[in-house]
Amino acid sequence: EYDGDRNSEGQRHGFGKALLPNGDTYEGEYECGLRNGPGTYRFKRGALYTGTYLQNKKHGKGVFFYPDGSKYAGDWAHDQRQGYGEYLYANGDSYTGEWANNKRHGQGTYVYKETGSKYVGCWVNGIQDGPAELIHRNYRFKGRFLNGKPLGRGKFIFDIGCEQHGEYIQPVQEKEDEEDEEEAPPPLEPIWKASEITKLTPWSAHYED
């Protein structure tokens, strides 16, 4: 069903309201029969998108409310989360930063609601990858990540005023002799090896000899 403006050729053109065969509804702008410009699309299963369209696809600025209670507000391109945006997850976590092809990609900040910890740094295809800082309540780690895990040289910076330098080393997986390896074991967690701790240097208004 459609109720709204049409052009001389009978196509939906201008403002209109539509009930789609699958039970979804759309209210907004059309151009030559396609959703184009600002509009609100309600999915039968409970999701909702309000924002701009380009030739039937979410494109430009828009907010998407998902059925699980999560929400994305930001840039879209050809129906994908693309550009800059903020995603609030159902568990209370949040991500603010760059997106590409619906995934966290580029620079961004992920906040873990349960602990209050923050990952600030690079992402590649939805995974923590590249230089970053992991900020906890009273200390932080500065280094590089690879496939979601810290790897290589880095340092822990403690609020009390000292730093611990070192590196994360990937342990080598020992091979099993058994021939019937049905399932490969999960990769081992990187191990932190400290190399030095810088001295605590409390600030003082004057130094004594």
Are [Y] and [X] co-members of a hydrophobic cluster defined by side-chain heavy atoms under 4.5 Å apart?
{"X": "L48", "Y": "V63", "answer": "yes"}
{"X": "L20", "Y": "Y30", "answer": "yes"}
{"X": "Y84", "Y": "W76", "answer": "no"}
{"X": "Y72", "Y": "L54", "answer": "no"}

Could you check, using the six-membered ring where one of them is a Trp, whether F141 and Y168 have ring centers closer than 6.0 angstrom?
yes
Could you check whether Y119 and Y95 have their ring centres less than 6.0 Å apart?
no
Report the distance from atom [atom1] of [X] to atom [atom2] of [Y], rounding to the nearest 0.5 Å.
{"X": "Y87", "Y": "S94", "atom1": "OH", "atom2": "OG", "answer": "12.0 Å"}
{"X": "T109", "Y": "W123", "atom1": "OG1", "atom2": "CH2", "answer": "9.0 Å"}
{"X": "R81", "Y": "N102", "atom1": "CZ", "atom2": "CG", "answer": "4.0 Å"}
{"X": "S117", "Y": "L134", "atom1": "OG", "atom2": "CG", "answer": "6.0 Å"}
{"X": "N125", "Y": "N101", "atom1": "CG", "atom2": "CG", "answer": "7.5 Å"}

Validation: residues 145-157 side-chain donor-acceptor distances under 3.5 Å, sequence neighbours left out:
{"unit_1": "K149", "atom_1": "NZ", "unit_2": "E189", "atom_2": "OE1", "d": "3.2"}
{"unit_1": "K149", "atom_1": "NZ", "unit_2": "E189", "atom_2": "OE2", "d": "2.9"}

Counterpart residues, ring-ring contact (aromatic ring centres under 6.0 Å, His included), relative to Y41 (two or more places apart)
F43
Go through the structure and list residues passing ring-ring contact (aromatic ring centres under 6.0 Å, His included) with F158, not counting sequence neighbours.
Y139
Side-chain donor-acceptor pair under 3.5 Å between W192 and Q164, yes or no?
yes
S195 versus H165, side-chain donor and acceptor atoms under 3.5 Å
no
Considering all heavy atoms of both residues, which atom of [X] and which atom of [Y] are nearest to each other, and what is their separation?
{"X": "Y89", "Y": "Y110", "result": "CE1-CE1, 3.8 Å"}
{"X": "L188", "Y": "P171", "result": "CB-CG, 3.7 Å"}
{"X": "G121", "Y": "A132", "result": "CA-CB, 3.8 Å"}
{"X": "D159", "Y": "R137", "result": "OD2-O, 3.6 Å"}
{"X": "L19", "Y": "T25", "result": "CD1-CG2, 3.7 Å"}

Identify, with sequence neighbours excluded, every residue that meets side-chain hydrogen bond (donor to acceptor under 3.5 Å, both in side chains) alongside Y112.
Q128
Using side-chain hydrogen bond (donor to acceptor under 3.5 Å, both in side chains) as the criterion, list what pairs up with R140, not counting sequence neighbours.
E133
Could you tell me whether a side-chain N or O of E196 sits under 3.5 Å from a main-chain N or O of E163, the two making a donor and an acceptor?
no
So, using side chain to side chain contact (heavy atoms under 4.5 Å, CB included) as the criterion, who are the partners of P21 when residues are at least two apart?
none
Sequence neighbours left out, what passes side chain to side chain contact (heavy atoms under 4.5 Å, CB included) with P131? Give chain and number order.
C122, R144
Determine which pairs satisfy side-chain hydrogen bond (donor to acceptor under 3.5 Å, both in side chains) with at least one residue from residues 51-62, sequence neighbours left out, and list them in order.
K58-D79, K61-D75
Sequence neighbours excluded - side-chain hydrogen bond (donor to acceptor under 3.5 Å, both in side chains) pairs with any residue from residues 9-23
N7-Q11, N22-D24
Residue pairs fulfilling salt bridge (Lys or Arg N to Asp or Glu O under 4.0 Å) with at least one residue in [range], sequence neighbours excluded:
{"range": "residues 31-48", "result": "none"}
{"range": "residues 84-104", "result": "none"}
{"range": "residues 113-122", "result": "none"}

Evaluate the criterion side chain to side chain contact (heavy atoms under 4.5 Å, CB included) for residue pair W99 and Q80; output intermediate values, then yes/no.
CA-CA 9 Å; W99 295 81; Q80 308 269 312; over 6 Å; no
Parallel, tilted or perpendicular: which fits the ring planes of F64 and Y49, with parallel below 30° and perpendicular above 60°?
tilted
